[in-house]
Amino acid sequence: MFLTPAPAHAHGDTVKVVVTGQRQGHVTADVTWENDGDAVDEAVAATVNAVSVDGSRTLGPWRLVRDPAAAPAGWTTAEALPPGSWKVSVDVGFPALGHGELEVAVPVVDPAPSTGTPAPGTPATGSPAASSPAPLPSSPATASAAAPSASTAQAPDAESEAEGDAVWWTTAGVAVTALAGAAVGLLLRRRRMRRGRLG
(Lines give C-alpha, C1' and ligand atoms only; values in the text may rest on other atoms or scores of the structure.)
Protein backbone atom coordinates (compact mmCIF):
# COMPACT_ATOMS: atom_id res chain seq x y z
CA MET A 1 0.00 0.00 0.00
CA PHE A 2 1.46 3.31 -1.14
CA LEU A 3 0.64 6.69 0.43
CA THR A 4 0.76 9.95 -1.55
CA PRO A 5 2.96 12.48 0.29
CA ALA A 6 1.30 15.71 1.28
CA PRO A 7 2.62 18.97 -0.24
CA ALA A 8 5.59 20.27 1.66
CA HIS A 9 4.19 23.79 1.76
CA ALA A 10 0.48 24.40 1.93
CA HIS A 11 -0.07 28.15 1.59
CA GLY A 12 -3.79 28.02 2.14
CA ASP A 13 -6.49 30.00 0.42
CA THR A 14 -6.12 33.43 2.03
CA VAL A 15 -3.41 36.08 2.12
CA LYS A 16 -2.46 38.38 4.95
CA VAL A 17 -2.29 42.09 4.06
CA VAL A 18 -0.47 44.45 6.42
CA VAL A 19 -0.48 48.14 5.50
CA THR A 20 2.89 49.30 6.85
CA GLY A 21 2.59 53.04 6.19
CA GLN A 22 3.77 55.39 3.48
CA ARG A 23 7.02 56.50 1.86
CA GLN A 24 6.93 60.02 0.36
CA GLY A 25 3.15 59.61 0.05
CA HIS A 26 3.27 56.16 -1.59
CA VAL A 27 1.29 53.56 0.37
CA THR A 28 3.39 50.55 1.46
CA ALA A 29 2.12 47.09 2.39
CA ASP A 30 3.30 43.52 2.98
CA VAL A 31 1.39 40.65 1.35
CA THR A 32 2.07 37.11 2.67
CA TRP A 33 0.27 33.79 2.82
CA GLU A 34 -1.96 33.52 5.88
CA ASN A 35 -1.02 29.96 6.82
CA ASP A 36 2.77 29.98 6.63
CA GLY A 37 3.73 33.66 6.32
CA ASP A 38 5.63 33.12 3.05
CA ALA A 39 5.82 36.04 0.65
CA VAL A 40 3.50 35.84 -2.34
CA ASP A 41 5.73 35.15 -5.34
CA GLU A 42 3.15 35.41 -8.09
CA ALA A 43 1.36 38.49 -9.34
CA VAL A 44 -1.07 40.14 -6.96
CA ALA A 45 -4.29 41.79 -8.07
CA ALA A 46 -5.13 44.35 -5.41
CA THR A 47 -6.73 47.77 -5.13
CA VAL A 48 -5.88 50.60 -2.76
CA ASN A 49 -8.41 53.20 -1.62
CA ALA A 50 -7.89 56.18 0.67
CA VAL A 51 -10.39 58.42 2.46
CA SER A 52 -9.46 61.57 4.38
CA VAL A 53 -10.12 61.41 8.11
CA ASP A 54 -12.91 64.02 7.84
CA GLY A 55 -14.43 62.10 4.89
CA SER A 56 -14.27 65.06 2.52
CA ARG A 57 -11.84 63.50 0.02
CA THR A 58 -11.40 60.05 -1.51
CA LEU A 59 -8.60 58.66 -3.67
CA GLY A 60 -8.31 55.44 -5.66
CA PRO A 61 -8.72 52.76 -6.58
CA TRP A 62 -4.98 52.36 -7.21
CA ARG A 63 -3.03 49.21 -8.09
CA LEU A 64 -0.35 47.60 -5.92
CA VAL A 65 3.06 47.14 -7.57
CA ARG A 66 6.22 45.41 -6.38
CA ASP A 67 8.37 47.47 -3.99
CA PRO A 68 12.06 46.65 -4.68
CA ALA A 69 13.05 48.46 -1.48
CA ALA A 70 11.02 46.02 0.66
CA ALA A 71 11.41 42.69 -1.16
CA PRO A 72 10.25 39.95 -1.09
CA ALA A 73 6.89 40.70 0.54
CA GLY A 74 6.78 44.48 0.00
CA TRP A 75 4.27 46.21 -2.26
CA THR A 76 3.54 49.89 -2.90
CA THR A 77 1.57 52.28 -5.10
CA ALA A 78 2.77 54.26 -8.10
CA GLU A 79 0.55 57.15 -7.03
CA ALA A 80 1.24 59.28 -3.95
CA LEU A 81 -1.11 60.58 -1.27
CA PRO A 82 -1.16 64.35 -0.69
CA PRO A 83 -0.26 65.68 2.78
CA GLY A 84 -2.86 64.92 5.45
CA SER A 85 -4.35 62.03 7.43
CA TRP A 86 -5.86 59.16 5.41
CA LYS A 87 -7.71 55.91 6.14
CA VAL A 88 -6.09 53.49 3.70
CA SER A 89 -7.59 50.09 2.79
CA VAL A 90 -6.04 47.37 0.59
CA ASP A 91 -8.18 44.60 -0.93
CA VAL A 92 -6.51 41.61 -2.64
CA GLY A 93 -8.50 39.42 -5.06
CA PHE A 94 -5.75 37.22 -6.51
CA PRO A 95 -4.06 34.78 -5.91
CA ALA A 96 -6.29 34.67 -2.83
CA LEU A 97 -8.53 36.96 -0.86
CA GLY A 98 -7.10 39.35 1.68
CA HIS A 99 -7.76 42.73 3.32
CA GLY A 100 -5.80 45.26 5.34
CA GLU A 101 -6.24 48.84 6.48
CA LEU A 102 -4.41 51.55 8.40
CA GLU A 103 -4.65 55.28 9.16
CA VAL A 104 -1.70 56.95 7.46
CA ALA A 105 -0.37 60.49 8.06
CA VAL A 106 1.50 62.16 5.20
CA PRO A 107 3.55 65.14 6.43
CA VAL A 108 4.02 68.39 4.57
CA VAL A 109 7.50 68.44 3.03
CA ASP A 110 9.19 71.82 2.90
CA PRO A 111 10.72 72.62 -0.51
CA ALA A 112 14.49 72.29 -0.66
CA PRO A 113 16.35 75.63 -0.67
CA SER A 114 17.47 76.71 -4.11
CA THR A 115 21.16 76.14 -4.82
CA GLY A 116 21.42 79.45 -6.70
CA THR A 117 21.24 81.56 -3.52
CA PRO A 118 24.68 83.05 -2.77
CA ALA A 119 26.21 82.48 0.66
CA PRO A 120 26.12 85.40 3.12
CA GLY A 121 28.96 87.83 2.53
CA THR A 122 29.52 86.61 -1.02
CA PRO A 123 28.75 89.25 -3.64
CA ALA A 124 26.30 88.06 -6.24
CA THR A 125 27.51 87.70 -9.80
CA GLY A 126 26.76 90.79 -11.82
CA SER A 127 26.40 93.03 -8.75
CA PRO A 128 27.45 96.70 -9.01
CA ALA A 129 30.46 95.99 -6.77
CA ALA A 130 31.81 93.33 -9.13
CA SER A 131 31.16 95.18 -12.36
CA SER A 132 33.65 97.74 -13.57
CA PRO A 133 32.56 101.38 -13.07
CA ALA A 134 31.08 103.00 -16.14
CA PRO A 135 32.89 106.10 -17.46
CA LEU A 136 31.40 109.26 -16.00
CA PRO A 137 29.84 111.67 -18.49
CA SER A 138 31.42 115.10 -18.77
CA SER A 139 30.06 117.47 -16.18
CA PRO A 140 27.98 120.51 -17.22
CA ALA A 141 30.73 122.81 -15.93
CA THR A 142 33.28 121.20 -18.23
CA ALA A 143 30.90 121.35 -21.18
CA SER A 144 30.05 124.99 -20.50
CA ALA A 145 33.75 125.82 -20.13
CA ALA A 146 34.50 124.16 -23.46
CA ALA A 147 31.67 125.98 -25.24
CA PRO A 148 32.99 129.57 -24.67
CA SER A 149 36.49 128.53 -25.71
CA ALA A 150 35.09 127.21 -29.00
CA SER A 151 33.06 130.39 -29.56
CA THR A 152 36.10 132.49 -28.64
CA ALA A 153 38.20 130.61 -31.16
CA GLN A 154 35.61 131.23 -33.86
CA ALA A 155 35.18 134.95 -33.05
CA PRO A 156 38.59 136.15 -34.41
CA ASP A 157 37.99 134.27 -37.65
CA ALA A 158 34.64 136.01 -38.13
CA GLU A 159 36.18 139.43 -37.32
CA SER A 160 39.09 138.88 -39.69
CA GLU A 161 36.70 137.85 -42.44
CA ALA A 162 34.56 140.92 -41.79
CA GLU A 163 37.65 143.20 -41.85
CA GLY A 164 38.86 141.57 -45.08
CA ASP A 165 35.49 142.18 -46.74
CA ALA A 166 35.50 145.83 -45.61
CA VAL A 167 39.02 146.43 -46.95
CA TRP A 168 38.10 144.84 -50.28
CA TRP A 169 34.98 146.96 -50.65
CA THR A 170 36.91 150.10 -49.67
CA THR A 171 39.60 149.39 -52.25
CA ALA A 172 37.02 148.67 -54.92
CA GLY A 173 35.18 151.92 -54.11
CA VAL A 174 38.35 153.98 -54.34
CA ALA A 175 39.24 152.39 -57.69
CA VAL A 176 35.76 153.03 -59.11
CA THR A 177 35.88 156.63 -57.88
CA ALA A 178 39.31 157.18 -59.43
CA LEU A 179 38.18 155.75 -62.75
CA ALA A 180 35.07 157.88 -62.73
CA GLY A 181 37.13 161.01 -62.00
CA ALA A 182 39.57 160.21 -64.80
CA ALA A 183 36.72 159.73 -67.23
CA VAL A 184 35.14 163.03 -66.27
CA GLY A 185 38.49 164.77 -66.66
CA LEU A 186 38.94 163.34 -70.15
CA LEU A 187 35.49 164.50 -71.18
CA LEU A 188 36.14 168.00 -69.92
CA ARG A 189 39.40 168.19 -71.83
CA ARG A 190 37.79 167.06 -75.05
CA ARG A 191 35.06 169.69 -74.73
CA ARG A 192 37.61 172.45 -74.15
CA MET A 193 39.59 171.32 -77.14
CA ARG A 194 36.48 171.39 -79.34
CA ARG A 195 35.55 174.87 -78.16
CA GLY A 196 39.06 176.11 -78.86
CA ARG A 197 38.91 174.84 -82.39
CA LEU A 198 35.51 176.35 -83.06
CA GLY A 199 36.51 179.79 -81.60
Side-chain angles (χ1 to χ4, degrees), residues 1-140:
M1 181 180 226
F2 296 98
L3 296 176
T4 304
H9 297 286
H11 292 306
D13 56 358
T14 57
V15 293
K16 180 181 180 181
V17 180
V18 178
V19 180
T20 56
Q22 59 84 29
R23 187 187 313 116
Q24 296 178 350
H26 300 274
V27 176
T28 56
D30 289 340
V31 180
T32 57
W33 290 103
E34 183 75 32
N35 288 353
D36 54 19
D38 289 344
V40 178
D41 296 331
E42 56 260 56
V44 171
T47 57
V48 180
N49 291 277
V51 181
S52 61
V53 174
D54 60 4
S56 61
R57 291 185 295 172
T58 59
L59 296 174
W62 297 338
R63 291 177 54 247
L64 274 183
V65 295
R66 288 277 183 186
D67 185 1
W75 296 78
T76 186
T77 57
E79 299 83 0
L81 294 169
S85 296
W86 301 89
K87 293 179 180 178
V88 177
S89 62
V90 178
D91 291 288
V92 179
F94 180 86
L97 298 178
H99 175 80
E101 59 184 25
L102 181 71
E103 186 172 321
V104 175
V106 180
V108 177
V109 179
D110 294 333
S114 61
T115 57
T117 304
T122 303
T125 304
S127 63
S131 61
S132 58
L136 295 175
S138 57
S139 61

Answer yes or no: is there a side-chain heavy-atom contact under 4.5 Å between [X] and [Y]?
| X | Y | result |
| --- | --- | --- |
| Val48 | Trp75 | no |
| Phe94 | Val44 | no |
| Val40 | Pro95 | yes |
| Val27 | Val104 | no |
| Val65 | Thr77 | no |
| Asp67 | Arg23 | yes |

Restricting to non-hydrogen atoms, name the atom on [X] and the atom on [Y] that form the minimum distance, rounded to 0.1 Å.
| X | Y | value |
| --- | --- | --- |
| Asp13 | Ala96 | O-CB, 3.3 Å |
| Pro83 | Val108 | CB-CG2, 3.7 Å |
| His26 | Ala78 | CE1-O, 3.1 Å |

**Item:** Donor + acceptor pair across side chains of Thr28, Thr20 (<3.5 Å)
**Value:**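 Yes - a donor-acceptor pair under 3.5 Å links their side chains.
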Quick check for you: to the nearest 0.5 Å, what is the distance between [X] atom [atom1] and [Y] atom [atom2]?
| X | Y | atom1 | atom2 | result |
| --- | --- | --- | --- | --- |
| Asn49 | Glu101 | CG | CD | 11.5 Å |
| Trp33 | Asp38 | CH2 | CG | 9.5 Å |
| Leu102 | Gln22 | CG | CD | 10.5 Å |
| Thr76 | Arg63 | OG1 | CZ | 12.0 Å |

**Message:** Quick check on Glu103: does its CD atom have over 12 non-hydrogen neighbours (other residues, nucleotides or ligands) under 6.0 Å away?
**Reply:**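 More than 12 within 6.0 Å, yes.
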**Request:** Say whether, by atom type as modelled, one donor and one acceptor occur between the side chain of His99 and the main chain of Val17 under 3.5 angstrom.
**Result:**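 Judged by distance alone, no pair lies under 3.5 Å.
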**Message:** Donor-acceptor pair, distance only, cut-off 3.5 Å: does the side chain of Ser52 make one with the backbone of Arg57?
**Reply:**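 Here the side-chain-to-backbone pair exists.
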**Asked** What residue among Asn35, Val92, Asp30, Thr32 forms side chain to side chain contact (heavy atoms under 4.5 Å, CB included) with Lys16?
**Response**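 Option passing the side chain to side chain contact (heavy atoms under 4.5 Å, CB included) with Lys16: Thr32.
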